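Just below is one structure, and these are the notes that go with it.
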Amino acid sequence: MNANEPREQGTGGWSQFGATPPAAGGFPRRDTIVMEQPPPPPPSTPVKARLNAGQKAVAGLALAAMAIGGGVVGAAVATAFQPEPQQVVSAPSPVLRSASNQLSTAEVAERVQPSVVMIQGQTGEGSGVVLSEDGLILTNNHVVVGASQGGGQMTVKFSDGKTAKATVVGTDPATDLAVIKAEDVSGLTKATLGDSDQLKVGDDVLAIGSPLGLDGSVSRGIVSALNRTLKLGGEQRQQLPPGFGGEQQQGQVEGTTIGDVIQTDAAINPGNSGGALVNAAGALVGINTAIASDAAGGGVGFAIPVNTAKQVAEQLIKTGKVSHAFLGVSVTDATGDVPGALIRQVTADSPAAKAGLQEGDLITKIGDTSVDSGDTVVGQVRGFKPGQQVKITYMRDGRSAEATVTLQEKK
């Protein structure tokens with residue numbers, strides 16, 4: 001396979017879309033418990049105890065541990081012996097936490113919802129994120145393909161209920177991203193762009209979009225994993241978004257492989273595609289794109305990192321197209337004990353050839369990302385820019401080596 005073209009798709013169960021909306025739920029209450037006042041102890045003859053040095057040290061550590069590790073419990077015990085009973089209070093609402101911000105889920109949602117729109121068309125729908133006050137909107141390529149079928153006209157619905165016609169500025173099937181322009185609008189609330197490179201597994205995130213046509217919907221979760229490689233489209237089990245006609249239709253969305261994808265457990269369903277994944281500060285960190293599931297009702301969600309989306313969007317807005325990096329190798333999955341991507345062919349005079357890579361080399365790492373399949377190589381190369389230097393770690397004749405490759409623009 002060619003590392004710069006979509007890889008042959010398998011039947012591994014990837015699905016961009018789900019079928020059943022998430023069930024309603026809530027956050028559990030955690031109430032403080034008032035301890036009953038114990039009976040007074042019987043009188044006793046006071047005895048002055050003496051502790052040796054070792055006993056004093058143990059007692060001091062125990063008191064320190066109680067003071068540090070049991071602050072909440074200690075407070076409850078102390079107040080239990082007050083003459084007046086303590087009032088039972090409810091736990092505060094959920095809080096999204098980051099290093100610099102502590103906002104409630106409601107505060108983050110309120111801040112972000114005005115910058116997320118619903119995209120409707122003749123035969124499909126999805127979501128989008130406002131990039132400019134005059135109507136530039138970032139979304140998925142497969143949302144635009146679906147919504148623009150049957151006439152090419154799309155309608156954007158904003159959080160205040162107003163609507164506007166929209167046209168395509170540019171699309172990039174290789175990254176499944178697109179930019180559209182809402183007509184005759186001004187003063188829109190544009191999204192605050194974050195830095196997806198700063199995300200960590202376990203960070204709180206919100207997914208905001210229009211699942212199943214329910215505009216302005218919010219779901220809460222965490223970053224489950226980073227640097228995933230995602231295959232989109234071209235699969236026999238591919239489901240189409242709402243409005244495509246309800247039946248499986250192959251070839252409607254071009255297959256592609258995307259690297260460095262964000263995995264999240266925030267509920268993502270049909271219609272969320274193109275919507276926002278935001279961090280605890282309300283900054284955009286990803287564009288919700290797909291789910292993987294073997295069952296109806298949702299599954300594992302994936303989002304394109306905002307750093308990739310920003311780079312693609314800037315090129316689409318400026319020129320209407322995107323330039324992609326070219327490595328110059330065809331790869332396949334390794335079959336031995338060492339995971340990686342086996343080079344089957346090196347294009348003459350390509351960046352790979354100039355860096356000394358050869359047929360039979362086993363690529364084990366690109367930059368800081370470990371390679372476990374040919375898809376990883378494809379996805380990683382698509383995330384780089386032409387002219388960027390990338391370190392590639394490979395094995396040849398049982399020995400590990402490194403090569404620095406200067407990527408070229410794909411012609």
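Below, each value reflects all heavy atoms present in this structure, side chains not excepted, and no hydrogens, waters or symmetry copies. All values derive from a computational prediction rather than experimental measurement.
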- Item | Check: Val371 main-chain N/O paired with Thr376 side-chain donor or acceptor under 3.5 Å | no
- Message: Between Asn141 and Thr171 (side chain of the first, backbone of the second, donor and acceptor by atom type, cut-off under 3.5 Å), is there such a pair?
- Response: no
- With sequence neighbours excluded, what pairs up with Asn307 under the side-chain hydrogen bond (donor to acceptor under 3.5 Å, both in side chains) test? Asp195, Ser196, Asp197
- Note on the structure: Hits for side-chain hydrogen bond (donor to acceptor under 3.5 Å, both in side chains) against Ser323, two or more places apart or cross-chain, chain-then-number order -> Gln315
- CG-OG distance between Asn288 and Ser273, expressed to the nearest 0.5 angstrom: 8.0 Å
- Message: Please report the interatomic distance CG(Leu230) to CD1(Ile304), rounded to the nearest 0.5 Å.
- Response: 8.0 Å
Please enumerate all residues that pass side-chain contact (heavy atoms from CB on, under 4.5 Å) together with [X], with sequence neighbours excluded.
X	result
Val169	Leu136, Val179, Lys181
Ala352	Leu327, Val329, Val346, Ser350, Leu357
Val117	Ile119, Val130, Ile137, Val156, Phe158
Leu226	Leu199, Val201, Val223, Ile262

Got a sec, which pairs hit salt bridge (Lys or Arg N to Asp or Glu O under 4.0 Å) with one end in [range], sequence neighbours left out?
range	value
residues 159-170	none
residues 299-312	none
residues 260-289	none
residues 355-370	Asp361-Arg396

- Does Lys190 have any salt bridge (charged side-chain N to carboxylate O under 4.0 Å, His left out) partners at least two apart in sequence or in another chain, and if so, which? none
- Give a yes or no on this: more than 12 heavy atoms of other residues, nucleotides or ligands lie within 6.0 Å of atom CD of Glu409. yes
Can you list, pair by pair, the side-chain donor-acceptor contacts under 3.5 Å of residues 384-393, counting residues two or more places apart and other chains?
residue	atom	partner	partner atom	Å
Gln388	OE1	Lys385	N	3.0
Gln389	NE2	Thr406	OG1	3.4

- Item | For Leu206, the option from Leu277, Asn279, Val218 that meets side-chain contact (heavy atoms from CB on, under 4.5 Å) | Val218
